[in-house]
Amino acid sequence: MFWPPPAVASGFPATLTLERAFPLNQRVELDELKARDRVRHGRFLQSSVGVVDFPVEGTYDPYRVGLYFTRVLLGSPPKEFYVQIDTGSDVLWVSCGSCNGCPQSSGLHIPLNFFDPGSSSTASLISCSDQRCSLGVQSSDAGCSSQGNQCIYTFQYGDGSGTSGYYVSDLLNFDAIVGSSVTNSSASIVFGCSISQTGDLTKSDRAVDGIFGFGQQDMSVISQMSSQGITPKVFSHCLKGDGGGGGILVLGEIVEEDIVYSPLVPSQPHYNLNLQSISVNGKSLAIDPEVFATSTNRGTIVDSGTTLAYLAEEAYDPFVSAITEAVSQSVRPLLSKGTQCYLITSSVKGIFPTVSLNFAGGVSMNLKPEDYLLQQNSIGDAAVWCIGFQKIQGQGITILGDLVLKDKIFVYDLAGQRIGWANYDCSMSVNVSTRSSTGKSEFVNAGQLSESSSPRTVFYNKLIPGSIVALLVHLSVLYTSLFL
């Protein structure tokens, strides 16, 4: 509808000319209008920092799924993709059409999709001259194709698998919690369009659509969204270990009184922490601290994309020996394919010791037996439990994977350059700190939502009358019990 031009009784121009964004004689598809609205809503959101939550599926158990993954909505209209949660890499990428080696189906019983930039009204290719490509080149997350001036990438992962493709810009659609309300919104982000995959990425047994890198370089989604003022520069997860797995993943800071923090090692491409010693039943193991010192080929990395956990070679044997000695009177030790295992006729909780990983800042990560053991099989009435920590021959890297990360809150505070953790039942809700447009600190209470609950169920509770509002938002957890 047109309105008559306003008369202005001052020195300003007397009339303002209003023009339609779309000519009257031009038909506009509804999807295009909705896409424009989503972009505009995204700009609204940038005026106040909010919390974005993602559903978590999968489990740490290598005999079932062996990875945690989430769902993202990309493009206009939005299309759903399942992507592995990986704090060990930076970039979000998904399989694209005409991909060489990309799986067509998944043993996880999830539908696999292929992103097509031509089918999204808001997609655009990233050129080599784009500043975002230049930032990716600086962090080795991007390169430049000699053909077509296109921003490209090639990634090789620790398991020998790899992917290559090109970068696109499009909308990431999400639910954002700002103040006390949940808003359907979107943000323009750069992500990878995979046209080639090799190694384990080609296998269909645990296939997903791509990888969601949560690293701290400029090309990561957390860096892109925080730089736009959409989310704080912090994300958190709580990966459920028992039962069917699942958990909580938020772009925001989980707040729990038992969380302890250790500083990140500066100027590292990964989330490196200063591990200083390991204790078994309170007794520090005789391991030279230099074994854990960060250098070119040493250090301790937190990586949700790794299923198990790995100890530096010099630390592995003292660790296994200390565990075996602590349980020698209660279990029968045995070797299975070179791995130390134990034959057990009762619960591991009352038999195996507590292990403490001691970090800079005077804080420890206390591991229950289930955090360093894996149940393999049974022999008669006895269960076979094996050391879940592995040794990389000739390597001094320690990697804390899902075996250790599960059943704990983990907070990656990129702004404060620190990582925090606390043991936690990840089937319960959590408080997530946010800051409203008024500058007040508030708490979002995010937890689990039953699969049948749609749309999202939201409850409001006053934590402190007149000041802090808790918003209970349940995340859906879907799971499948699958054996490799």
Side-chain angles (χ1 to χ4, degrees), residues 86-90 139 158 213-217 220 222-223 233-237 239 253-254 256 258-306 308-320 322 354-368 371-372 388-392 394-424:
D86 182 18
T87 61
S89 62
D90 296 317
S139 60
F214 277 87
Q216 54 186 324
Q217 301 300 322
S220 71
I222 183 66
S223 293
K233 200 170 186 179
V234 55
F235 70 94
S236 313
H237 61 64
L239 306 176
E253 179 185 355
I254 293 180
E256 170 65 28
D258 294 331
I259 293 179
V260 296
Y261 284 89
S262 185
L264 284 165
V265 179
S267 305
Q268 296 298 311
H270 302 292
Y271 292 114
N272 282 70
L273 292 174
N274 276 310
L275 177 61
Q276 297 178 331
S277 65
I278 300 175
S279 301
V280 175
N281 266 347
K283 183 179 180 181
S284 184
L285 303 184
I287 302 172
D288 186 344
E290 287 301 310
V291 168
F292 304 118
T294 300
S295 63
T296 304
N297 57 356
R298 289 189 178 276
T300 301
I301 298 170
V302 178
D303 179 20
S304 68
T306 294
L308 301 176
Y310 297 82
L311 272 180
E313 186 175 17
E314 301 94 326
Y316 184 81
D317 289 340
F319 172 75
V320 173
T354 297
V355 171
S356 296
L357 306 180
N358 307 309
F359 293 90
V363 297
S364 297
M365 188 183 301
N366 297 319
L367 308 184
K368 306 184 300 294
D371 296 335
Y372 61 83
F389 275 75
Q390 308 297 305
K391 173 173 58 176
I392 308 178
Q395 294 290 321
I397 297 292
T398 294
I399 304 174
L400 306 182
D402 294 336
L403 176 68
V404 172
L405 305 185
K406 64 178 171 54
D407 299 321
K408 298 175 185 67
I409 291 170
F410 266 83
V411 178
Y412 301 75
D413 182 2
L414 278 62
Q417 285 294 287
R418 60 180 188 164
I419 288 183
W421 60 84
N423 289 332
Y424 199 77

Atom pair CG/CD of Leu414 and Glu253 - distance to nearest 0.5 Å
12.0 Å
For Asp90 and Gly215, the nearest pair of non-hydrogen atoms, with its separation, is OD1-CA, 3.2 Å
In this structure, CG of Asn366 is separated from NZ of Lys408 (nearest 0.5 Å) by 9.0 Å
Kindly give the heavy-atom pair with the smallest separation between Ile287 and Ala315, and that separation in Å.
CD1-CB, 3.7 Å
Hey, mind stepping through Tyr271 and Leu264 against side chain to side chain contact (heavy atoms under 4.5 Å, CB included) and telling me if it holds?
CA-CA 7 Å; Tyr271 292 114; Leu264 284 165; 4.0 Å; yes
Heavy atoms only: give me the nearest Leu400-Leu357 pair and the separation to one decimal.
CD2-CD1, 3.9 Å
With side chain to side chain contact (heavy atoms under 4.5 Å, CB included) as the criterion, how do Ile409 and Ile259 come out once you've worked through the C-alpha distance, each side chain's angles and the decisive distance to 0.1 Å?
CA-CA 8 Å; Ile409 291 170; Ile259 293 179; 3.8 Å; yes
Output the distance between atom OH (Tyr424) and atom CG (Asp407), rounded to the nearest 0.5 Å.
12.5 Å
What heavy-atom pair brings Gly388 and Gln390 nearest, and what distance separates the two atoms?
O-NE2, 3.0 Å
Would you mind reporting whether Val320 and Lys391 have side-chain heavy atoms less than 4.5 Å apart?
no
Candidates Lys233, Gln268, His270, Gln417 - the one meeting side-chain hydrogen bond (donor to acceptor under 3.5 Å, both in side chains) with Gln216:
Gln417
For a 4.5 angstrom cut-off between non-hydrogen side-chain atoms, does Ile419 reach Phe410?
yes
Name the orientation class of the two ring planes belonging to Phe235 and Tyr412 (parallel below 30°, tilted from 30 to 60°, perpendicular beyond 60°).
parallel
On a heavy-atom basis, which atom in Ser262 and which in Phe359 lie closest, and how many Å separate them?
OG-CB, 3.6 Å
I'd like to know if the side chain of Ser277 pairs up with that of Asn358 as donor and acceptor (distance under 3.5 Å, no hydrogens or angles considered).
yes
Who passes side-chain hydrogen bond (donor to acceptor under 3.5 Å, both in side chains) against Thr306, sequence neighbours left out?
Asp303
Correct closest heavy-atom pair for Val411 and Ser236 would be CG2-OG, 3.7 Å
To the nearest 0.5 Å, what is the distance between NZ (Lys406) and CG (Asn423)?
10.0 Å
Quick check: do Ser304 and Asp402 have side-chain heavy atoms less than 4.5 Å from each other?
yes
Between NZ on residue Lys283 and OG on residue Ser356, distance to nearest 0.5 Å:
14.5 Å
How many angstroms lie between atom CZ of Arg298 and atom OG1 of Thr300, to the nearest 0.5 angstrom?
10.5 Å
Can you find a pair of side-chain heavy atoms, one from Phe389 and one from Val355, that are under 4.5 Å apart?
no
Can any side-chain N or O of Glu313 pair as donor or acceptor with the backbone N or O of Leu311 at less than 3.5 Å?
no
I want to check something: taking the side chain as every heavy atom from C-beta on, are Met365 and Asp371 in contact at a cut-off of under 4.5 Å?
no
Name the one of Ile397, Thr294, Thr87 that satisfies side chain to side chain contact (heavy atoms under 4.5 Å, CB included) with Ile301?
Ile397
